[in-house]
Amino acid sequence: MIVVNTVSALRHALAPHRTGSIGFVPTMGALHQGHLELLRRAGQDNDVVVLSVFVNPAQFNDPADLAAYPRTDAQDRAHAENAGVEIYFAPTVDEVYPTGFSATVSLAGPIVETFEGAHRGSGHFHGVTTVVTKLLMMIRPDRAYFGQKDAQQLRVVQALVADLDIEVQIVDVPTVRESDGLAMSSRNVRLTPDDRSMALGLNQALQTGRAAFELGESAEAIVASAATVLDHYSITAEYLAVVDGADFRQVVDVPSRRAVLVVAALVGRTRLIDNIVLQ
Ligand code: AMP
């Protein structure tokens, strides 16, 4: 595995691989089984796998959240090496945003303004789209892998590459969960044992919501049944809603198209998100 920290070293390392297919997995590090699944898929589909580890300040609305974000570089390198990553790209903030940097790549509309966009602020998805565009320009991969765990981000990235005609295939990977259903997340290490028990309520609520959907219930009834479970776990949701999987507009009647039940909540001091596809 080659470890590179600069764009020029990255391009140099990639040069001999340009004749084959390049798979790219962008992450913020603190790697877990979810990330490893993305890497596994990338390894299956491509001749070479590039992993980026970059905690992107531009997508954090809360400086305390950015400061507390777990950073486990040595461990991440070991995981990446075991997962068969050929190029490990861990740039500094100055490398990505040098002095004088002033570009922003942003989408408009409900897809970036609702739910995560509303709760983390409008700058959140602009930070995501700016850094993803930069990473795609730096690496120029054939395929890039994103988790369904961050369903809205996945849709935003799909819209980004469609709008800008970026020549890359976006591959979505189902959410990897702990055996009890909790979605894997880098933030889970910050959960206390009590938080960890409470966090189970998120997936339980989503499962209950899906059961209601399967009975033909309306979006309102689906949300109400999921909310009962959150109450049981004493979780106050930031949002809990049925959304159209394409544009993240809220669905109010009986979900007819590919709908997703999404939830975000503060569990103890840790903000968690999860979702389940209904249809
Ligand atoms: P992050 O490091 O949290 O920014 O995540 C990097 C990528 O891994 C994103 O595309 C996430 O959606 C994906 N990811 C994070 N957690 C999971 C999970 N539990 N299952 C599948 N993919 C995940």
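Indexing begins at 1, ligand by ligand and atom by atom, following the structure's order.
- Within the structure, the closest approach of H35 to ligand 1 falls below 4.0 Å when heavy atoms are considered.
- When heavy-atom distances to ligand 1 are checked against a 4.0 Å cut-off, A30 has no atom that comes that close, whether in backbone or side chain.
- Geometrically, ligand 1 and P26 share no nitrogen or oxygen pair separated by less than 3.5 Å.
- K149 contributes atom NZ, which lies 7.0 Å from atom CG of L272 (distance to the nearest 0.5 angstrom).
- Between K149 and ligand 1, not a single N/O pair is under 3.5 Å apart.
- Donor-acceptor pairing under 3.5 Å is recorded for the side chains of Q158 and R155.
- Of the listed residues (L38, V132, D172, V55), the one carrying the non-hydrogen atom nearest atom 22 (N) of ligand 1 is L38.
- With salt bridges taken as basic N to acidic carboxylate O contacts below 4.0 Å, one links R196 and D180.
- Note on ligand 1: H32 sits in its first shell, one or more heavy atoms being nearer than 4.0 Å.
- Considering both main-chain and side-chain atoms, G147 comes within under 3.5 Å of ligand 1 through a nitrogen or oxygen pair.
- The protein non-hydrogen atom at the shortest distance from atom 20 (N) of ligand 1 is V176 N, 2.8 Å.
- If you number the atoms of ligand 1 from 1 as listed, the ones under 4.0 Å from a heavy atom of T175 come out as 19 (N), 20 (N), 21 (C).
- Each of the atoms 10 (O) of ligand 1 lies under 4.0 Å from some heavy atom of F146.
- Of the protein's non-hydrogen atoms, D150 OD2, 3.0 Å is the one closest to atom 11 (C) of ligand 1.
- Counting heavy atoms closer than 4.0 Å to ligand 1, residue F54 contributes nothing at all.
- Of the charged side-chain nitrogens involved, none lies within less than 4.0 Å of a carboxylate oxygen, so that E95 and K134 do not count as a salt-bridged pair.
- A salt bridge does not link D195 with R187: none of the charged nitrogens is closer than 4.0 Å to a carboxylate oxygen.
- Protein heavy atom nearest atom 3 (O) of ligand 1, with residue, atom name and distance: Y69 OH, 3.8 Å.
- Taking only nitrogen or oxygen atoms, main chain and side chain alike, S186 does not reach within less than 3.5 Å of ligand 1.
- Between the S186 side chain and the A30 main chain, a donor and an acceptor come within less than 3.5 Å of each other.
- Between E37 and Y145, the side chains place no donor N or O within less than 3.5 Å of an acceptor N or O (distance only, hydrogens not considered).
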Working note: Y97 + N56, criterion side-chain hydrogen bond (donor to acceptor under 3.5 Å, both in side chains); need CA distance, chi angles, decisive distance, verdict.
CA-CA 10 Å; Y97 304 116; N56 177 31; 2.6 Å; yes

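- Between M28 and ligand 1, at least one pair of N/O atoms sits closer than 3.5 Å.
- Between the T114 side chain and the I111 main chain, no donor and acceptor come within less than 3.5 Å of each other.
- For the pair M184 and ligand 1, the shortest N or O to N or O distance falls below 3.5 Å.
- For the pair R140 and R18, the tightest heavy-atom approach, listed with the atom from each and the gap, is O-NH1, 3.3 Å.
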